[in-house]
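Just so it is clear: chains get the letters A, B, ... in the order the sequence lines come, proteins before strands, and each one is counted from 1.
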Protein chains: 2
Amino acid sequence: MPPAAPSRRLAPSKEIDSGPDPFAGDGRSHTSPAVDVRVVFFTLVGGRLVVALGSGEEGAPSLPRGWPAAEESLDVAARRIARDQIGLTDRYLEQLYTFSVGDDGEWTVVITYVGLVGPDAPVGSAPGITWVPLHPRVVCSEIDSRVIEYARTRLQAKLGYTTIALYLLPAAFTFRHLQSIYETILDQPLDKRNFRRRFLATGMLERTDQVSREGSHRPAALYRFRPTDDHERYLTPAWDEERP
Amino acid sequence: MPPAAPSRRLAPSKEIDSGPDPFAGDGRSHTSPAVDVRVVFFTLVGGRLVVALGSGEEGAPSLPRGWPAAEESLDVAARRIARDQIGLTDRYLEQLYTFSVGDDGEWTVVITYVGLVGPDAPVGSAPGITWVPLHPRVVCSEIDSRVIEYARTRLQAKLGYTTIALYLLPAAFTFRHLQSIYETILDQPLDKRNFRRRFLATGMLERTDQVSREGSHRPAALYRFRPTDDHERYLTPAWDEERP
DNA sequence: CCAAAAGTGTTGCTCGTACACCCATGA
DNA sequence: TCATGGGTGTACGAGCAACACTTTTGG
């Protein structure tokens with residue numbers, strides 16, 4: 001790869017380590033970009049993965065977004081956006097990626113989050129939010145579209161080594177339900193017996209004494225996740241949390 | 001979990017989806033935080049993992065940092081910082097995490113990167129940069145210290161399912177050398193035969209016809225990585241790349 | 001010939017996968 | 001009694017971990 005031309009030097013490079021001070025130097029009022037936070041919230045509706053979209057500037061669908069309040073932590077800002085715009089109080093939410101967009105003079109650093117909600121949450125009750133299926137295609141901006149696609153990829157990967165599927169389920173659920181979530185997100189069929197065995201082997205599930213009676217067939221036992229919270233968090237640090 | 005008190009409303013919450021416009025609303029000149037980019041560069045020196053530190057505001061050691069130039073992409077900014085401050089032109093570099101710090105009125109969004117350099121790079125030639133071992137402790141700010149620790153954790157994890165060790169090695173290396181890198185970073189001894197077999201099984205290595213003669217014992221064959229670049233990149237997208 | 005690191009195979013176990021039938025229920 | 005999904009066990013193969021001795025060189 002070419003060693004990034006030494007020409008264009010918009011930021012002072014002499015300072016080995018001056019603290020960030022974007023208002024110093026040149027005459028411009030700010031060299032600092034805008035900062036916006038966007039959340040990609042998934043849930044499952046009718047066996048399809050759907051994402052929450054609001055309506056953007058000209059009514060075009062776009063990811064719910066906002067900017068952090070003064071000195072507000074990013075995680076808190078993301079949760080606030082989820083609460084105010086989608087109506088979700090507290091669900092799985094994880095930072096995804098940060099990048100900058102800056103073609104048209106609107107220079108913005110975008111911090112993205114992925115979230116998951118289950119059917120117990122009031123999906124559908126937020127005004128201005130529509131939940132749209134990922135297949136065959138989500139119509140939105142190019143950038144939002146790539147963010148959503150990346151979020152889905154990460155979700156898929158993470159399903160392999162965590163139990164975040166928990167967040168897509170109601171408190172009690174059948175094995176069939178659990179399996180269908182994996183099948184939907186991984187987009188491949190799974191063997192019923194192997195799935196059941198492996199999941200039981202983890203010891204994360206607890207069989208309740210209730211059953212699900214629906215349809216003219218044998219009722220299914222309802223399970224729930226054992227209340228050990230060592231799911232989810234894996235590599236993501238707990239920084240930037242809950243600074244009131 | 002408590003549903004995040006509805007009190008504190010520092011940012012306007014009425015807007016369902018106004019685009020980011022940090023200069024709107026209140027009378028303050030900017031609600032937008034400063035943005036700074038910090039890089040955590042690791043290498044191995046004498047079998048120890050070391051990190052590149054510059055000297056910060058009051059001469060205290062701190063991670064090399066800077067802020068992105070106007071409309072400069074974050075990845076490009078991180079590479080520029082690595083080049084200008086540490087003297088590394090092009091090495092492994094990956095986004096780590098973004099968080100905000102904002103206690104003292106200095107409100108800053110910090111985007112962190114992890115990088116790796118091998119012994120072929122001019123480590124030690126950059127003025128103002130010192131490479132300090134991670135053990136027993138790195139003396140620097142609390143925040144930088146946590147960033148470094150998280151970077152190390154991620155590096156460890158990633159060593160398991162990628163071949164980023166490649167970036168810590170010279171072009172040709174012995175099996176012992178390769179293994180010692182894994183042992184250093186994972187901080188555990190590995191079985192010589194199993195290690196060799198598994199690594200050979202991946203087909204990523206190529207035996208050269210050269211040997212390493214050092215010490216009064218049998219010379220070791222030198223290997224190199226086969227030039228297939230499907231190492232490293234796994235989940236991290238290629239956004240935000242090389243926008244000149 | 002001695003020290004010191006390089007190099008090499010086999011075995012048992014664990015885990016994942018493939019696969020087919022009986023069970024309980026409502027209609 | 002029939003249709004429908006719920007629930008169960010086994011056998012094979014791949015891959016990983018444990019483990020010790022011979023080889024090649026320099027001094």
Side-chain angles (χ1 to χ4, degrees), chain A residues 44 46-47 119 156-163 165 169-225, chain B residues 44 46-47 119 156-163 165 169-225:
Chain A
L44 287 169
Q156 247 183 17
K158 208 151 181 176
L159 209 62
Y161 57 90
T162 67
T163 53
L169 286 164
F173 48 88
T174 65
F175 246 104
R176 170 62 67 188
H177 192 176
L178 178 59
Q179 181 174 343
S180 73
I181 285 178
Y182 276 78
E183 290 177 331
T184 297
I185 296 176
L186 301 179
D187 198 29
Q188 61 175 349
L190 299 172
D191 182 89
K192 186 168 48 159
R193 289 165 287 187
N194 293 335
F195 182 83
R196 172 182 286 259
R197 182 185 21 246
R198 247 183 311 156
F199 231 109
L200 285 176
T202 66
M204 293 182 302
L205 295 185
E206 234 170 30
R207 182 172 189 156
T208 69
D209 50 0
Q210 299 179 318
V211 292
S212 152
R213 296 180 176 276
E214 32 180 286
S216 63
H217 52 82
R218 178 169 174 176
L222 288 173
Y223 288 79
R224 62 187 180 85
F225 275 91
Chain B
L44 288 168
Q156 247 183 18
K158 208 149 182 177
L159 208 63
Y161 56 90
T162 66
T163 53
L169 286 164
F173 49 88
T174 64
F175 247 105
R176 170 61 69 187
H177 193 174
L178 179 58
Q179 182 174 344
S180 73
I181 285 178
Y182 276 79
E183 290 176 331
T184 298
I185 295 176
L186 300 178
D187 198 29
Q188 61 177 348
L190 298 172
D191 182 89
K192 186 169 46 159
R193 288 166 288 187
N194 292 336
F195 182 84
R196 172 183 286 259
R197 180 183 23 244
R198 248 182 310 157
F199 233 109
L200 285 177
T202 67
M204 291 181 302
L205 295 185
E206 234 171 30
R207 181 171 189 157
T208 70
D209 51 358
Q210 299 179 319
V211 293
S212 153
R213 297 181 176 276
E214 35 180 283
S216 62
H217 53 81
R218 177 171 174 174
L222 288 173
Y223 288 80
R224 61 188 180 86
F225 275 90

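For residues 201-221 of chain A, no pair satisfies ring-ring contact (aromatic ring centres under 6.0 Å, His included), with sequence neighbours left out. For the side chain to side chain donor-acceptor pair (under 3.5 Å) condition, the pairs that include at least one residue of residues 177-189 of chain A, sequence neighbours left out, are A:Gln179-A:Glu183.
Near DNA chain C, meaning a heavy atom under 4.0 Å from it, residues 213-220 of chain B has B:Ser216, B:His217, B:Arg218, B:Pro219, B:Ala220 in order of number. For the segment residues 189-198 of chain A, the set of residues with a heavy atom within less than 4.0 Å of an atom of DNA chain C comprises A:Asp191, A:Arg193, A:Asn194, A:Arg197, A:Arg198, in numerical order. The stretch residues 173-185 of chain B has no heavy atom under 4.0 Å from DNA chain D, so no residue of it qualifies as close.
Going from atom CZ of B:Phe199 over to atom P of C:dT8 covers 17 Å, rounded to whole Å. Atom CG in B:Leu200 sits roughly 15 Å away from atom P in C:dA6 (whole-Å rounding).
Evaluation of the salt bridge (Lys or Arg N to Asp or Glu O under 4.0 Å) rule for A:Arg224 yields A:Glu206 as partners, not counting sequence neighbours. Among residues two or more places apart in sequence or in another chain, the side chain to side chain contact (heavy atoms under 4.5 Å, CB included) test is passed with B:Ser216 by none. Remark: B:Arg213 pairs with B:Val211, B:Pro219 by the side chain to side chain contact (heavy atoms under 4.5 Å, CB included) rule, at least two apart or across chains. For A:Arg207, the side chain to side chain contact (heavy atoms under 4.5 Å, CB included) partners two or more places apart in sequence, or in a different chain, are A:Ala221, A:Tyr223.
At a threshold of 4.5 Å between non-hydrogen side-chain atoms, the residues A:Leu169 and A:Phe225 count as touching.
In summary, the side chains of A:Thr208 and A:Gln210 do not present any donor paired with an acceptor at a separation below 3.5 Å, with no hydrogens or angles considered.
For the atom pair CD1 of A:Ile185 and CG of A:Leu44, the computed distance is 5.5 Å after rounding to the nearest 0.5 Å.
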What pairs of donor and acceptor atoms, side-chain ones from residues 193-202 of chain B against any protein atom, are under 3.5 angstrom apart with sequence neighbours left out?
from: B:Asn194; atom 1: OD1; to: B:Arg197; atom 2: NH2; distance (Å): 2.5
from: B:Thr202; atom 1: OG1; to: B:Phe199; atom 2: O; distance (Å): 2.6
from: B:Thr202; atom 1: OG1; to: B:Met204; atom 2: N; distance (Å): 3.3

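A:Ala221 comes within contact range of the sugar-phosphate backbone alone, with a heavy-atom separation under 4.0 Å but no base atom that close.
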